[in-house]
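Have a look at the structure below, then the notes.
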Amino acid sequence: MTSNTASEPRYGLMAIVLHWLLAVFILSVFAMGVYVADLPFSLAKLKLINWHKWAGVVILALSAWRLLWRLTHRPPALPARIDQAMPGWQRVAFHGTHHLMYLLFFAVPLLGWAYSSAKGYPIVWFGVLPLPDWVPVNDALANVLKPLHALAAYGLLGLVGLHVAAALKHQFIDRDGLIDRMRPGR
């Protein structure tokens, strides 16, 4: 397939910035969460857990901003040449992956916040702004929420991996230039 990306519509600057900011935050916070989980209890571990929580709140805020932006700014349609060449199952996977990622953009940090509340560990954003607990302190609930938070995070990471694999397939196998719609500075 040939690429006609110069004449095809791209995502706007705000959509591109929010996409890449979320990507960096999600991958960084996931890595931090995996790293800190196996650390022995220490002040350093508590500090990293707080950073993890603060970044999770940032992800939640960026996700809300991104969703609001998406609802008020229609994304560019797939170029007709790509849409026509794409098998139906890929179109379903394309839309399904995006919808599930948006769901998990919210579910992962909200489950983490709920877990923190259920354990009785307050979130004080950047050490300045205390956030409300939204579930009561309850160890049994915390024991349910902790693995749900981890499972949702791994699910999100899997979807991100699928998203990246699809982008790379379009770039290097299909050579259709689809990735240029979200690439910064093009």
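What's counted below: heavy atoms across the whole structure, side chains too, no hydrogens, waters or symmetry copies. For clarity, every value in this text was computed on a predicted model and none was experimentally measured.
Y121 and L141 are members of different hydrophobic clusters when ILVMFWY side chains are connected at heavy-atom separations under 4.5 Å. Taking hydrophobic clusters as Ile, Leu, Val, Met, Phe, Trp and Tyr residues chained together by side-chain heavy-atom distances below 4.5 Å, W69 does not share a cluster with Y11. I59 and L68 fall into different hydrophobic clusters, where Ile, Leu, Val, Met, Phe, Trp and Tyr residues are linked whenever their side-chain heavy atoms come under 4.5 Å apart, directly or through other members. Linking ILVMFWY side-chain heavy atoms closer than 4.5 Å, directly or via other members, places L13 and L62 in a single hydrophobic cluster. Hydrophobic clustering of Ile, Leu, Val, Met, Phe, Trp and Tyr side chains at less than 4.5 Å, counting indirect connections, unites W125 with W65.
Distance check: S116 OG to L145 CG gives 10.5 Å after rounding to the nearest 0.5 Å. From L67, atom CG reaches atom CG of L18 across 11.0 Å, with rounding to the nearest 0.5 Å. In this structure, L159 CG and Y154 OH are separated by 15.0 Å, a value rounded to the nearest 0.5 Å. Once rounded to the nearest 0.5 Å, the distance linking NZ of K45 with CG of D38 reads 7.5 Å. Between the CG atom in L131 and the NZ atom in K53 there is a gap of 10.0 Å [rounded to 0.5 Å]. The CE atom of M14 lies 10.5 Å from the OG1 atom of T72; values are rounded to the nearest 0.5 Å.
Side-chain atoms of R66 never come within 3.5 Å of backbone atoms of Y102 as a donor-acceptor pair (strictly under, hydrogens ignored). Remark: the backbone N or O of V124 is paired with a side-chain donor or acceptor of W54 at under 3.5 angstrom. A donor-acceptor pair under 3.5 Å is formed between the side chain of R10 and the backbone N or O of D180. Side-chain atoms of W113 never come within 3.5 Å of backbone atoms of V57 as a donor-acceptor pair (strictly under, hydrogens ignored). Put simply, the side chain of T97 gets close to the backbone of A93: a donor and an acceptor are under 3.5 Å apart.
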Problem - Candidate pair H163 and M101, rule side chain to side chain contact (heavy atoms under 4.5 Å, CB included), full reasoning - result: CA-CA 9 Å; H163 180 71; M101 281 195 301; 3.7 Å; yes
Practice task
Would you sort out whether K119 and V137 count as a side chain to side chain contact (heavy atoms under 4.5 Å, CB included), showing the intermediate values?
Solution key: CA-CA 6 Å; K119 274 309 261 187; V137 174; over 6 Å; no
Problem - Test log, rule side chain to side chain contact (heavy atoms under 4.5 Å, CB included), inputs F105 and I26 - result: CA-CA 9 Å; F105 290 163; I26 287 168; 3.5 Å; yes
Exercise for the section: In sequence, state the C-alpha distance, the side-chain angles, and the governing distance for Q90 and K169, and then conclude on side chain to side chain contact (heavy atoms under 4.5 Å, CB included). Expected result: CA-CA 12 Å; Q90 282 184 6; K169 176 216 175 258; 3.7 Å; yes
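Within 6.0 Å of CG on L43 lie no more than 12 heavy atoms contributed by other residues, nucleotides or ligands. Counting heavy-atom neighbours within 6.0 Å of K47 NZ, excluding the residue itself, gives a total of 12 or less. Applying the 6.0 Å contact sphere to CH2 of W51 captures no more than 12 heavy atoms from other residues, nucleotides or ligands.
The two atoms that bring W134 and S117 nearest to each other are N-OG, 3.3 Å, heavy atoms only. Considering all non-hydrogen atoms of both residues, I179 and A167 come closest at CD1-CB, 4.2 Å. Pairing each heavy atom of E8 with each of P79, the nearest pair is OE1-CG, 3.4 Å. The two residues A140 and N138 have their closest heavy-atom pair at N-OD1, 3.0 Å. Contact between P76 and P9 at its shortest, heavy atoms only, is CB-CB, 3.8 Å. The minimum heavy-atom distance linking A153 with V108 is given by the pair N-CG2, 3.6 Å.
Aromatic ring orientation, H149 versus H52: perpendicular (interplanar angle above 60°, classes split at 30° and 60°). The aromatic rings of H98 and F94 sit perpendicular to each other, their planes meeting at more than 60°, with 30° as the lower class boundary.
With a 4.5 Å cut-off on side-chain heavy atoms, M182 and W20 count as touching.
Applying the side chain to side chain contact (heavy atoms under 4.5 Å, CB included) test between L157 and each of L27, L104, L162 identifies L27 as the sole match.
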